[in-house]
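This one's a predicted model, so the numbers in the text were calculated from it and none came from an experiment.
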Amino acid sequence: MSLAQVHYTSAAPGDEGTGGRFTAVGPGVSGALLAEIEPLLRYELPDSVPDRPSAGELRSLPQPFTYAALSDGSRLVSRSAPVRETSGGAGPGVRFHAHAVHLPPGVPLPGDRLPVEAWRSPHWVAVTPGGAIPDPLTLPPGPTAVSEGLDDFAVSRGPWLAAVLADLRRASEPREPGGRPVVLVERQCADVARWLGLASVTLPRESAERLTFTTYTRRPGSSAARVVGVLPEDAEAARAGGLRVHVCAGQAPSGGGTDDVWATTAARVWRNRSPELFREARELPGEPFAAGPLAVTALCAGIVLGPDERAAAAGWAADRPYALDAKRTGQLVEALASPGIDDRTGPEFDAVGRLFGALEGRCPASVTAPLAAMLVTEAVRGGNGSLELPHRDAFVGPEGAVVAERLAPEILTELGEGAGPRSVARTVQLLRVARLLGVDGRESLPGVVDRLAPALLAEAAAEEESGKGAEGPPGFAPALLELLDEQFEVRTALLGALDRLAPRDPGAVARFLERVALPFTGTQALPHLRMCAEVPGAMATLGGDRAAVWHRVLRAAGLSPFAEPLVLRTAVGLVWEDRAPTVEEARLLLDAATSDAHRAAGTWARLVDAALGASGTGPSAASTDEAAALAHDLLRGFPGEIGGRERAALLLLDLVRELRTGAPEPGWAEAVRTLCAQADPIEPALRERAHTALVERLLAPDRPGAELYDFVHGDDAELIAAYDRTARTELMRTRLRTRPAYAADCFTVWTAHPHAGGTWPPVAASLLDEVLRPAVRAMSPEDVAEVEATVGRTGSSGRADAFRTWNRSSTLGRLGRRIAGRVRRG
């Protein structure tokens, strides 16, 4: 089909006010299209052009080559060329002539060539044809293929190649009009055209056809093309305009330039002068710009790629193991497993592991054995704990023996005790590789699992505290469960180690089992693990009834605490992990087993905590008597275990019981002072309870006089203050008002030691005046007479006289106050 042509030239000297004019227009090009085409054909000379350039200077001027999309869906291919002004005059000595070909919608260039292929056509002209323009004119493609010389150009532009190809790919994507162009800075327009030639070979056809361009412009920011070329003198202005600029005419960039794996792979293909691989890659399944097909094609052709590209190839082949024939599969495996590669990364190994898993069973073991050897070597030497390891039958012939001989010493050394701490994932990986290669590690296994068991708990707890994976299993769980499924001897040894560890920290083991479902349903006893696994269900079912939970958990052990006392420790740690039992719960625990069992399990300490915890719940706590009784039994049951401040506190609690209910040994006040000091730091409530029990007994009518004497002369401010507080309670005031004998006894005591230190006399005087005097005032004359008589009988006639004098002063005081009141009223 013939194509309409358009010729446009700059204004002649004297044509002021016009930028140029159309000198010839082929049929089918409307006036509206000409208005749209004219700005695309205009030409602006570089700043450095002399007024009268020489022939060489004229030839070196830019010749823009443009491919544009028009609003009606048609397209325009054009070339503009500077020409010498021959009409004379005072104007500049250079004009330009633009020659364009109009492509109607859906109509390609002759030979179905891409627009960039017309760049080298010899049919572009720099003058308007004389006379009538042939109707229509044709523009056959030039004889020189666009790909000629592109290899050399690509190699020369190696530092920029990947970044430019990445941007050209993005520029070729479907998008809304008005997008910002990619700017290529070259000294020659022809080099910009070569970049577009690289794109036409590298990109799929439909992408290359969307890539509108112009190889030269002075105003890239206003260009509608997707790719524009500028000279170095205009690069800074383009960069200042916010455009994506590649200065390919200066010093090579220091970095790689892009993280686009497809573009990096394409650049390596060009640098290896193998553009035919792009066509081969497009025949493989996958997205147009997926890096995998191109990377696979390049590796099979022997091109050296980087780790990201190799990972892309392995990942693509793992997803489509059926897409490659046996020959190319072997070439890919050989390239990936090459011993000369020393820059492999974790993602690459992961992709190779997936590829091995996809090929295993599809290909002979002789094909996949290099991948298997590569994976196990990385697992041992690289420490990559996320690798999918091959199965034991992955090696055939001598390959497995060679790998095992090379790696066995390293595995056994690292699993040994002197190798230092290791992560769980690392230990699991080494154990799995050892089995895979048939390495005999039976001698080191006990030590390995003894170190692995606490590491499991520690890493799981650390993950939970950091918030990583707190809702699910820890990261090492899948590999650990695979290990236990693969190796019966490791499973048996590790479960045994965890069972031995559980009594030390049963709560941690229970939380671990909630996140990792260990397989301990076999014949192993494992009483502690079974208890740890039982507690979540028991807590959910029985709620806050900890005694019932304890019974259920203990039954899950399958052993009696008399036969295995440590189950007591595990059960107590599970149910009362972060708190002390109540006195009632402690009594249940004490009665459930002998003191010898609690002594062996170490649970007696929890019982002590229960007794002391109850003693600190307040001076009026209902469990005071039970806590004191428990303290008495604990002191009797564990005399050699309880010591220090705990023993003193329990003795103090037992003394409180005896002060209230029995006949304690003499020296109460001194005993309370001594035990409080020995139990320091003592719970304030327990100290108050002891002081209260002591002073209540001292305030009783039947207390021994020697104890009262010791108390008064001990001059203990805290004890005397407690005595003062208790004597002022309503119970004591009522007793004084209603029991004359008791009032007489208190008068005797509070007046008997006037010189006993510095603390007691003012307190006694205050009690006489503020507590006893109001009580006596409230008595009947008969009761007051009985108080006086009792004081005389129990003391002396002088003491009775003292009471009468004390009481008379009280009476006179009242009488005087009454008289004074009457005088004031008169």
Nearest heavy-atom pair of [X] and [Y]: which atoms, and what distance?
| X | Y | value |
| --- | --- | --- |
| W195 | E186 | NE1-OE2, 2.8 Å |
| L45 | R218 | O-NH1, 2.8 Å |
| V77 | P115 | CG2-CB, 4.0 Å |
| A98 | S80 | CB-OG, 3.5 Å |
| V228 | S223 | CG1-OG, 3.4 Å |
| P220 | V183 | CB-CG2, 4.1 Å |

Look at [X] together with [Y] and state whether they make a salt bridge at an N to O cut-off of under 4.0 Å.
| X | Y | value |
| --- | --- | --- |
| R205 | E209 | yes |
| R42 | E38 | yes |
| E173 | R170 | no |
| D151 | R271 | no |

Would you say [X] has more than 12 foreign heavy atoms packed within less than 6.0 Å of its [atom1]?
| X | atom1 | value |
| --- | --- | --- |
| E334 | CD | no |
| R219 | CZ | no |
| R282 | CZ | yes |
| E287 | CD | no |
| Q331 | CD | yes |
| R273 | CZ | yes |

Side-chain donor or acceptor of [X] paired with backbone N/O of [Y] under 3.5 Å:
| X | Y | result |
| --- | --- | --- |
| H99 | V125 | yes |
| T212 | R226 | yes |
| S274 | L277 | no |
| R79 | A118 | no |
| S200 | G197 | yes |
| S54 | E57 | yes |
| Y216 | E44 | yes |
| T264 | A162 | no |
| R113 | P108 | no |
| Y43 | P62 | yes |

What distance do [X] atom [atom1] and [Y] atom [atom2] have between them, rounded to the nearest 0.5 Å?
| X | Y | atom1 | atom2 | result |
| --- | --- | --- | --- | --- |
| Q63 | C189 | CD | SG | 7.5 Å |
| S60 | L58 | OG | CG | 8.0 Å |
| L103 | R75 | CG | CZ | 5.0 Å |
| D47 | L231 | CG | CG | 9.5 Å |
| F65 | T214 | CZ | OG1 | 9.5 Å |
| F356 | L375 | CZ | CG | 7.0 Å |

Could you walk me through whether L41 and L76 pass side chain to side chain contact (heavy atoms under 4.5 Å, CB included), step by step?
-> CA-CA 10 Å; L41 302 182; L76 190 77; 4.1 Å; yes
Taking side chain as C-beta onward, heavy atoms only, is [X] less than 4.5 Å from [Y]?
| X | Y | value |
| --- | --- | --- |
| D260 | D167 | no |
| H97 | H7 | yes |
| P181 | V227 | no |
| V83 | V94 | no |
| L336 | L355 | yes |

Partner of L332 by side-chain contact (heavy atoms from CB on, under 4.5 Å), out of V367, L371, L324 = L324
Please tabulate, one pair per line, all N/O donor-acceptor pairs under 3.5 Å involving side-chain atoms of residues 289-313, not counting sequence neighbours.
{"unit_1": "T297", "atom_1": "OG1", "unit_2": "P293", "atom_2": "O", "d": "2.8"}
{"unit_1": "E309", "atom_1": "OE2", "unit_2": "R268", "atom_2": "NE", "d": "2.8"}
{"unit_1": "E309", "atom_1": "OE2", "unit_2": "G306", "atom_2": "N", "d": "3.0"}
{"unit_1": "R310", "atom_1": "NE", "unit_2": "E348", "atom_2": "OE1", "d": "3.4"}
{"unit_1": "R310", "atom_1": "NE", "unit_2": "E348", "atom_2": "OE2", "d": "2.7"}
{"unit_1": "R310", "atom_1": "NH1", "unit_2": "L305", "atom_2": "O", "d": "2.6"}
{"unit_1": "R310", "atom_1": "NH2", "unit_2": "D343", "atom_2": "OD1", "d": "2.7"}
{"unit_1": "R310", "atom_1": "NH2", "unit_2": "E348", "atom_2": "OE1", "d": "3.0"}

Report yes or no: do H102 and S74 form a side-chain donor-acceptor pair below 3.5 Å?
-> yes
Taking atom types as modelled, find out whether W124 and S78 have a side-chain donor-acceptor pair closer than 3.5 angstrom.
-> no
What about the rings of W119 and Y67, do their centers lie closer together than 6.0 Å?
-> no
What about W270 and F153, are their ring centers closer than 6.0 Å?
-> no
Given W316 and L284, is the side chain to side chain contact (heavy atoms under 4.5 Å, CB included) satisfied, shown in steps?
-> CA-CA 10 Å; W316 178 89; L284 296 176; 3.9 Å; yes
Full working for side chain to side chain contact (heavy atoms under 4.5 Å, CB included) between R169 and W262 | CA-CA 10 Å; R169 175 188 68 77; W262 172 87; 3.6 Å; yes
By salt bridge (Lys or Arg N to Asp or Glu O under 4.0 Å), E360 pairs with (sequence neighbours left out) none
Step-by-step side chain to side chain contact (heavy atoms under 4.5 Å, CB included) determination, R95 to R84 | CA-CA 6 Å; R95 299 175 65 189; R84 190 179 303 281; over 6 Å; no
